[in-house]
Amino acid sequence: MLDSSVTAIAAKVRAGEVSAESVTAAAIAQIAAIDGRLNAFLHVPEQSALAQARAVDAKRARGEAMGPLAGVPVAIKDAICVRGVVTTAASKILAGYEPAYDATVIERLRAADAVILGKTNMDEFAMGSSSENSAFGPTRNPWDVTRTPGGSSSGSAAAVAARMAPCSLGSDTGGSIRQPACLTGTVGLKPTYGRVSRYGLIAFASSLDQIGPFAGDVRGAARVLSVLSGHDPRDATSLDVPPEDFEVACGRSVRGLRIGVPGEYFAEGLDPEVAESVRAAIRELEAEGCVVKPVTMPHTLFAVATYYVLATAEASSNLARFDGVRFGLRTTDPAAARDLRVMYGKTRDAGFGAEVKRRILLGTFVLSAGYYDAYYIKAQKVRSLIRRDFDRAFESVDVICSPASPTAAFRLGEKIDDPLAMYLNDIYTLPASLAGVPAMSVPCAPTRAGLPVGLHIAARAMDEATMLAVAAAWEARSPARSLVPPLAAAAGKA
Ligand code: GLN
């Protein structure tokens, strides 16, 4: 059952061919069989998941209309609030925090008759590209457990790749959906900034954060996106646009669509095998009738520096709320009882991991008097130039194709002592985040060692439909279509 797509599962549940309860039970069994080796889930509230599934079955039995995700189990990144379910953003500072409300995306999933399966592991506060910044140990890549599944939505990617869930939610600030999708051979999509409500997402960098889906195929990601998107007055940056059915774009002809290929994305640091796999995908799209053109995006080189100034600045402000007063961890050090500032300091010192501290310090520095103009304001200006690169490119092309990550999955431990090398891993995903445009990763031919590679497709703001049409056209021809990691396949047969 879990080899089936989101759309196939929903169709079978709606038709009464399988019960929602049996689908959720299968997901729970797969988690029990293999997650000990992967560490993709932080928390699986089994009884509540099964109860939700039974409620879907009961609804069907009463003859009521079924939602588009009827009986589909969805794994949720631990940065997204689910009422009554421990939500920590993989940080010790939020130990034991149980939100009193559902994020808007969770409300929407429930209204679509989906089942909230559990909370997935991630880099602490979504800061990282490997899962190694989780306070609860790294997630492992189902294709090779010595390697990272990418990050920061590590568990959400690994869960879908290893068939523990047909789809999941992640959040993407600078690549945290697309890079792990790439490294695990799943489809991962970051919507246009403002397309999906951020209400109930634990904030990292609010001008960049966006929730989006992972799924085993493009159509599944499109269906989940249709459910998630739409205006929400509780998020001031939510766009007031009419709802769209993104699934209709999958299967649409791509004949005549123009694909831009930026030379700046095929440069130093790109693994030649990854480059060849991505170029092969672009050639196939050309054979489907797309017109491939070179484009130039001259400010690409500045994206990493710009992002790490702006994202850390916003994070230093957002994370100031974690002070041990209202929720999560509080220091038990007796010195803290006498002085509020000592209590804040000791709580934050004990609760935040090393990378989160590094980012708070960097962000506080770039916002401080005397450096604000030199770093923060300058980075805002460069962000405008990067956005302009996209505007100019989209005058002559409809989508931009590139690698999603410069290498296939790297080994756990390989970059952990070198933050700069880790930051450079985001080079292909950061520009679309800074520009606010939609972008996704779709699997292409794996490397000779059998590791997944991702084609990155970016489109104009609000044009997810064209992006999905190109993604679906490629997927139909992709040699990576329906590859299953051996570890997941073996468990399925047992
Ligand atoms: N890897 C990037 C970072 O560490 C992006 C993270 C994200 O998109 N949340 O900030």
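This chain uses plain numbering: 1 for the first residue, then up along the sequence. If you're wondering where the values come from, they're calculated on a predicted model, not measured in any experiment. Ligands are counted one by one from 1 in listed order, and the atoms in each one are counted from 1 as well.
- For Ser405 and Gln179, the side-chain atoms include no donor-acceptor pair closer than 3.5 Å.
- A cation-pi geometry, defined here as NZ or CZ lying under 6.0 Å from the six-membered ring centre and within 45° of its normal, does not hold between Lys119 and Phe41.
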Tell me which donor-acceptor pairs under 3.5 Å the side chains of residues 302-311 have, and how far apart each pair is, sequence neighbours excluded?
from	atom 1	to	atom 2	distance (Å)
Thr306	OG1	Phe302	O	2.7
Tyr308	OH	Asp426	OD2	2.8

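- Within 4.0 Å of ligand 1, counting heavy atoms only, the contacting residues are Ala126, Met127, Gly128, Ser129, Ser152, Asp172, Thr173, Gly174, Gly175, Ser176, Phe204, Tyr307, Tyr308, Arg359, Asp426.
- With salt bridges taken as basic N to acidic carboxylate O contacts below 4.0 Å, one links Lys357 and Asp349.
- Pairs engaging residues 366-387 under the salt bridge (charged side-chain N to carboxylate O under 4.0 Å, His left out) rule: none recorded [sequence neighbours left out].
- Sorted by first and then second residue, the salt bridge (charged side-chain N to carboxylate O under 4.0 Å, His left out) pairs involving residues 195-207 (not counting sequence neighbours) are Arg195-Glu244, Arg195-Glu464, Arg198-Asp235.
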